[in-house]
Participant: 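Before I ask anything, let me first share the structure, which is written out below as structure tokens.
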Amino acid sequence: MTLDDLPPLRDTLDGHGLIAKKSFGQHFLFDLNITRKIARLAGVGAGDHVIEVGPGPGGLTRALLETGAQVTAIEKDPRFLPLLEELAQASGGALTVHLDDALTADEAALAAGGPTAVVSNLPYNVGTPLLIKWLTGRFQPISLTLMFQKEVAERIVAAPGSDAYGRLAVIAQATADAKLVMEVSPRAFTPPPKVTSAVVHLVPHAARLDQALLDALQTITAAAFGQRRKMLRSSLKQLGGESLCEKARIDPSRRAETLDVEEFLSLAKAI
Ligand code: SAM
């Protein structure tokens, strides 16, 4: 059997008696127009290596394989393994499946030193910690194309001064170029989630921030946005308050949401 001979996704799921589990954040995409569009937005093609988190029934996986990419899939729910094994066989060796929890998986080992893109319709309950792991950890992907709840996607790309601007925007934009590239209606998923979703495409900066600076940035943003309505002299008191702001040449009477990413980096360097 080849990819073209595979039965429709819904039939595959029914054939294996599988029903979506809420605890695993399972909302499946069966519409190939949507999964193909996500693969296109990811910009992957023949010869590229992709890590996909949460293949589930394999809709997005099929679209990624169609591009000619090599796909390494990490799935936590063992119920999907027999179905994914069929897909792996039909892919003629282009798909490898790992039963693992993406929160603790070693993607750097799976990438084996080669350039690797991440593409995923993420389980919403772990989307943010996974993004932080990929942007600040040992594994250095060349790009990330990820489906989030739209509200989370907006927080990733938010500009200073907006309500959505916070820790996530600062960490994401200090480490990558991030764009919201597609919105997806709840109706596109089975079962439909309560909210609209959106795909964010991130390209990590070529020059990685060093680990000490990243740690300092996490500390500063946690303190500053933990009390976002307060002035920095007060929200950053434990970290040096006014004298820290002076060192970074930032007015201590400003509030966290008015600082741009460069200004947060200046504060992080001053710690
Ligand atoms: N990719 C499929 C699609 O688009 O139809 C399924 C997406 S569904 C939103 C999320 C998938 O992630 C499910 O298959 C779920 O079992 C899996 N998952 C949930 N938590 C996970 C984790 N911590 N590590 C790896 N996979 C996980």
Participant: How close do R228 and R255 get, heavy atom to heavy atom, and via which atoms?
Facilitator: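 In this case the closest contact between R228 and R255 is O-CB, 3.8 Å.
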Participant: Linking I/L/V/M/F/W/Y whenever their side-chain heavy atoms sit closer than 4.5 Å, directly or via other members, would L87 and I74 fall into one cluster?
Facilitator: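 No; tracing contacts between hydrophobic side chains, which count when under 4.5 Å, never links both residues.
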Participant: Looking at CG of L259 and CG of L232, how far apart are the two atoms once the value is rounded to the nearest 0.5 Å?
Facilitator: 5.5 Å
Participant: Of all residues at least two apart in sequence or in a different chain, which pass the salt bridge (Lys or Arg N to Asp or Glu O under 4.0 Å) check with E107?
Facilitator: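 Here the qualifying residues are K133.
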Participant: Quick test of your reading: applying ring pair (Phe, Tyr, Trp, His ring centres under 6.0 Å), list the pairs with at least one residue in residues 181-209, sequence neighbours left out, ordered by first then second residue.
Facilitator: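 Not a single pair qualifies under ring pair (Phe, Tyr, Trp, His ring centres under 6.0 Å).
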Participant: Let me confirm one number: the CD1-CG distance from I220 to L217, rounded to the nearest 0.5 Å.
Facilitator: 8.0 Å
Participant: Using the rule side-chain contact (heavy atoms from CB on, under 4.5 Å), only one of V53, T175, L202 pairs with W134; which is it?
Facilitator: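 By the side-chain contact (heavy atoms from CB on, under 4.5 Å) criterion, W134 pairs with just one of V53, T175, L202: V53.
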Participant: Residues two or more places apart in sequence or in another chain: which of them pass side chain to side chain contact (heavy atoms under 4.5 Å, CB included) with L9?
Facilitator: F30, P57, R62
Participant: Any ring pair (Phe, Tyr, Trp, His ring centres under 6.0 Å) involving residues 71-123? Give me the pairs, sequence neighbours left out, ordered by first then second residue.
Facilitator: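 Output for this query lists F28-F80.
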Participant: Salt bridge (Lys or Arg N to Asp or Glu O under 4.0 Å) with E85: which residues, sequence neighbours excluded?
Facilitator: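 Listed in chain order: nothing, the list is empty.
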Participant: In this structure, which one of L209, L131, I132 forms a side-chain contact (heavy atoms from CB on, under 4.5 Å) with I171?
Facilitator: I132
Participant: Would you sort out whether L180 and V199 count as a side-chain contact (heavy atoms from CB on, under 4.5 Å), showing the intermediate values?
Facilitator: CA-CA 6 Å; L180 195 157; V199 176; over 6 Å; no
Participant: Does the side chain of T2 pick up a donor-acceptor pair with the side chain of D5 at under 3.5 Å?
Facilitator: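 There is such a pair (donor and acceptor under 3.5 Å, judged by atom type) between the side chains of T2 and D5.
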Participant: Without swapping roles, check the side chain of D100 against the backbone of A102 for a donor-acceptor pair under 3.5 Å.
Facilitator: no
Participant: For the pair K76 (side chain) and D101 (backbone), establish whether a donor and an acceptor sit closer than 3.5 Å, ignoring hydrogens and angles.
Facilitator: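 Judged by distance alone, no pair lies under 3.5 Å.
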Participant: Pick out which of I156, L122, L168 makes a side-chain contact (heavy atoms from CB on, under 4.5 Å) with T128.
Facilitator: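 So the option named by the test is L168.
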Participant: Between the side chain of H27 and the main-chain N/O of T190, is any donor-acceptor distance below 3.5 Å?
Facilitator: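 Looks like no, no N/O pair under 3.5 Å.
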Participant: V97: which residues meet the side chain to side chain contact (heavy atoms under 4.5 Å, CB included) condition with it, sequence neighbours left out?
Facilitator: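 Counting only residues at least two positions away or on another chain, V97 forms a side chain to side chain contact (heavy atoms under 4.5 Å, CB included) with L81, L84, L95.
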Participant: Between atom OG1 of T219 and atom CD of Q238, what is the distance when rounded to the nearest 0.5 Å?
Facilitator: 12.5 Å
Participant: So which heavy atom on A224 is nearest to which on A256, and how close?
Facilitator: O-CB, 3.5 Å
Participant: Do the side chains of L144 and L103 join up, straight or via other hydrophobic residues, at under 4.5 Å, putting them in one cluster?
Facilitator: yes
Participant: Can R79 and Q26 be counted as having a side-chain donor-acceptor contact under 3.5 angstrom?
Facilitator: yes
Participant: Tell me, with the steps shown, if L60 and V119 meet side-chain contact (heavy atoms from CB on, under 4.5 Å).
Facilitator: CA-CA 9 Å; L60 182 54; V119 184; 4.1 Å; yes
Participant: Rounded to the nearest 0.5 Å, what separation is found between the CD1 atom of I271 and the NZ atom of K247?
Facilitator: 9.0 Å
Participant: Quick one about E52 and S120 (side-chain donor to acceptor, distance below 3.5 Å, no hydrogens or angles considered), yes or no?
Facilitator: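 No, because no side-chain N or O of S120 sits under 3.5 Å from a partner of the opposite role on E52.
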Participant: Would you tabulate the side-chain donor-acceptor contacts of residues 40-50 under 3.5 Å, counting partners in other chains and residues two or more places apart, or write 'none'?
Facilitator:
unit_1: D48; atom_1: OD2; unit_2: G45; atom_2: N; d: 2.8
unit_1: H49; atom_1: ND1; unit_2: T116; atom_2: OG1; d: 2.9
unit_1: H49; atom_1: NE2; unit_2: T72; atom_2: OG1; d: 2.6

Participant: Write out all pairs satisfying ring pair (Phe, Tyr, Trp, His ring centres under 6.0 Å) with one or both partners inside residues 242-265, taking only residues at least two apart or from two chains.
Facilitator: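 Matches after skipping sequence neighbours: F225-F264.
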Participant: Distance-only, no hydrogens or angles: does the R36 side chain make a donor-acceptor pair with backbone N or O of E66 under 3.5 Å?
Facilitator: no
Participant: Any donor-acceptor pair under 3.5 Å linking the side chain of T67 with the backbone of A63?
Facilitator: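 Such a contact is absent between T67 side chain and A63 backbone.
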Participant: Can any side-chain N or O of E75 pair as donor or acceptor with the backbone N or O of D77 at less than 3.5 Å?
Facilitator: yes
Participant: According to side chain to side chain contact (heavy atoms under 4.5 Å, CB included), who are the partners of A158, at least two apart in sequence or on a separate chain?
Facilitator: S162, A164, Y165, A169
Participant: Would you give the length of the straight line joining atom CE of M182 to atom NZ of K150, rounded to the nearest 0.5 angstrom?
Facilitator: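 The CE atom of M182 sits 13.5 Å away from the NZ atom of K150.
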Participant: Rounded to the nearest 0.5 Å, what's the gap from CZ on R167 to OG1 on T221? Could you check?
Facilitator: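 Here the rounded value is 4.0 Å.
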Participant: Using side chain to side chain contact (heavy atoms under 4.5 Å, CB included) as the criterion, list what pairs up with E242, not counting sequence neighbours.
Facilitator: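 Expected list: R233, E246, P252.
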Participant: What residue pairs, at least two apart or across chains, pass salt bridge (charged side-chain N to carboxylate O under 4.0 Å, His left out) with a residue in residues 261-271?
Facilitator: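 Qualifying pairs: R254-E263.
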Participant: Got a sec, which pairs hit ring pair (Phe, Tyr, Trp, His ring centres under 6.0 Å) with one end in residues 4-26, sequence neighbours left out?
Facilitator: none
